[in-house]
Amino acid sequence: MKKFIKNLPKAELHLHIEGSFEPELMFKIAKRNSIKIPFNSVKEIENAYKFNCLQDFLDIYYQGAQVLITEQDFYDLTFSYLQKCNEQNVRHTEIMFDPQTHTERGISFATVINGISKAQKDAKEQFGITSLLIMSYLRHLSEEDAFKTLEQSLPFKDLITCVGLDSSEKGNPPSKFKNVFKKSEEVGYIPVAHAGEEGNADYVWEALDLLNIKRIDHGNNALQDKKLIAEIIKRDLALTVCPLSNTALQVVTDLKEHPLKEMMNLGLKVTINSDDPAFFGGQVNQNYIEIQKALDLTKEDLYELAKNSFQYSFLDKETKEKYLTELEMYFEKNK
Ligand code: HPA
Ligand code: ZN
């Protein structure tokens with residue numbers, strides 16, 4: 001089964017580039033920029049990665065991102081993640097980045113996006129991996145701040161496909177960002193949002209009705225509401241589920257109790273993703289491996305999950321078809 005997963009062509013649709021920052025690279029870049037971090041070794045960092053909730057994690061995640069200063073730093077971060085994609089047969093990835101985490105510290109929007117997009121271009125040339133960008137607004141900041149970010153993004157519009165919403169969910173409902181999402185959609189960005197990770201089903205309703213999202217990040221708590229489940233199916237929206245993130249942040253107590261299979265049985269379109277792989281104990285393949293084992297998923301289940309990952313990506317029709325054909329051939333040969 002591990003081999004089947006390893007070679008399975010797949011897409012990753014929920015990945016924060018700042019969350020892919022491995023301790024080794026963090027040390028290297030911190031040293032290069034003469035920045036002190038409050039850890040002395042990779043081991044110390046790994047020991048600090050024990051979280052009781054989303055906020056616990058976010059505090060340490062934003063701290064780590066502070067060592068990123070130059071375009072080269074953003075390039076190295078992104079290219080390192082894309083190399084891992086190549087090793088895992090991730091054929092396509094939709095990368096979230098948090099501009100405000102960096103612009104707040106005086107790093108320019110151009111530095112961030114130029115570094116990231118150069119790495120995307122090189123990975124396409126070297127590995128054939130396609131990728132696109134989701135610019136995510138930090139929901140603990142104001143809508144006014146998000147508007148500023150939208151403004152800063154306009155000269156780089158061609159490099160960005162979607163807008164997203166991440167960071168501390170509770171107390172920061174989607175309604176807070178209604179106007180900036182409306183404007184973002186008007187300029188051509190596709191809206192997605194984290195919803196129902198720690199927030200309840202009402203937050204998912206708001207993301208659907210007020211932000212007009214085209215995909216739901218996490219969405220676990222949508223299961224609290226039957227009408228909502230029916231609405232998600234009616235709108236044909238996929239959920240980007242992140243199993244190891246859910247256990248790391250205590251959204252789910254044990255993988256054996258993870259609702260992924262229940263979601264699939266209800267007719268929801270689910271995908272498997274790593275979220276913040278450097279912090280949650282595994283890349284996307286490790287997420288497939290561990291959830292397969294915990295829920296005793298079949299090869300057909302895994303095929304369906306990988307199929308959804310391409311089907312519900314924001315790729316053009318032709319590229320989607322190409323990947324789906326590749327996947328189908330793989331499944332027919334290895335089932
Ligand atoms: N949830 C909310 N915000 C985030 C996450 C997450 O899982 N990862 C990085 N920012
Ligand atoms: Zn996330």
Side-chain angles (χ1 to χ4, degrees), residues 11-22 26 49-66 68 77-78 81 93-104 112 116 132-141 145-146 149 162-174 176-177 191-200 203-204 206-207 211 213-222 237-252 258-260 270-284 287 309 312-313:
E12 177 151 61
L13 305 182
H14 185 158
L15 176 283
H16 302 263
I17 199 64
E18 295 88 351
S20 74
F21 204 4
E22 295 290 341
M26 200 182 284
Y49 290 179
K50 305 221 171 358
F51 315 110
N52 288 314
C53 61
L54 175 59
Q55 194 58 50
D56 265 10
F57 153 71
L58 289 170
D59 291 343
I60 210 157
Y61 161 87
Y62 294 128
Q63 195 177 47
Q66 308 231 341
L68 298 162
L77 172 69
T78 309
Y81 163 67
T93 176
E94 310 204 335
I95 302 173
M96 294 187 217
F97 73 113
D98 295 340
Q100 288 153 297
T101 301
H102 314 296
T103 51
E104 258 199 331
V112 178
I116 295 173
L132 57 81
L133 289 183
I134 303 171
M135 173 175 80
S136 297
Y137 300 125
L138 296 182
R139 67 201 305 161
H140 67 273
L141 300 177
D145 217 297
T149 304
C162 307
V163 285
L165 188 63
D166 62 6
S167 190
S168 325
E169 188 178 10
K170 278 189 187 161
N172 296 298
K176 184 176 160 186
F177 296 93
V192 303
H194 283 57
E197 182 184 19
E198 285 190 342
N200 61 24
Y203 279 47
V204 185
E206 280 193 9
L211 307 188
I213 57 166
K214 300 291 184 272
R215 201 163 65 205
I216 304 168
D217 292 316
H218 295 296
N220 298 45
N221 289 336
L237 302 178
L239 270 52
T240 63
V241 172
C242 308
L244 293 178
S245 164
N246 290 159
T247 46
L249 301 185
Q250 323 282 337
V251 169
V252 172
H258 197 285
L260 177 116
V270 184
T271 63
I272 302 240
N273 309 273
S274 68
D275 204 5
D276 301 280
F279 294 83
F280 299 152
Q283 304 289 326
V284 66
N287 276 269
S309 75
Y312 290 88
S313 72

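Remember, it's 1-based here, ligands and their atoms both numbered in the order they're listed.
By the 30° and 60° cut-offs, the orientation of the rings of H16 relative to Y61 is perpendicular. Note: F280 and F57 have tilted aromatic rings, judged against thresholds of 30 and 60 degrees for the angle between ring planes. Taking the six-membered ring for Trp and thresholds of 30 and 60 degrees, F279 and F51 have ring planes inclined between 30 and 60 degrees apart.
Put simply, the angle at the Zn ion (ligand 2) from OD1 in D275 to NE2 in H16 is close to 90°, to the nearest 10°.
Per-residue contacts place D275 under 4.0 angstrom from the following atoms of ligand 1 (heavy atoms of the residue considered): 6 (C), 7 (O), 8 (N). Every atom of ligand 1 is numbered from 1 in the order shown, and the set under 4.0 Å from a heavy atom of F57 is 8 (N), 9 (C). Remark: ligand 1 atoms within the under-4.0 Å shell around heavy atoms of E197 are 1 (N), 2 (C), 6 (C), 7 (O). Atoms of ligand 1 lying under 4.0 Å from any heavy atom of D276, numbered from 1 in the order shown and given with element: 5 (C), 8 (N), 9 (C). Near H218, meaning under 4.0 Å from one of its heavy atoms, ligand 1 places the atoms 7 (O).
For ligand 1, none of its N or O atoms has an N or O atom of S245 under 3.5 Å away. Of the polar atoms of H14, none of the N or O atoms is found under 3.5 Å from an N or O of ligand 1, judged by distance alone. Considering backbone and side-chain N/O atoms, D98 never comes within less than 3.5 Å of an N/O atom of ligand 1.
Distance from atom 5 (C) of ligand 1 to its nearest protein heavy atom, with residue and atom name: H16 NE2, 3.6 Å. The protein non-hydrogen atom at the shortest distance from atom 3 (N) of ligand 1 is S167 N, 2.8 Å.
The distance from the Zn ion (ligand 2) to the nearest N/O/S atom of H194 is under 2.8 Å. Under 2.8 Å from the Zn ion (ligand 2) lies no N/O/S atom of H218, from backbone or side chain alike.
Not one N or O on the side chain of D275 forms a donor-acceptor pair closer than 3.5 Å with the backbone of L15. For N200 (side chain) and G196 (main-chain N/O), no donor-acceptor pair under 3.5 Å exists by modelled atom type. A donor-acceptor pair under 3.5 Å is formed between the side chain of E12 and the backbone N or O of S274.
In this model, a donor atom of one side chain and an acceptor atom of the other lie less than 3.5 Å apart for Y62 and S167. No side-chain donor from either of D59 and Q63 sits under 3.5 Å from a side-chain acceptor of the other.
The OG1 atom of T271 sits 8.5 Å away from atom CG of D217, with the distance rounded to the nearest 0.5 Å. Here the straight-line distance linking atom SG of C242 with atom CG of L13 works out to 9.5 Å at 0.5 Å rounding.
For D217, no heavy-atom contact with ligand 1 is shorter than 4.0 Å. Contacts of E169 with ligand 1, taken as heavy-atom pairs under 4.0 Å, are absent altogether. Contact annotation: for E18 versus ligand 1, there are no heavy atoms closer than 4.0 Å.
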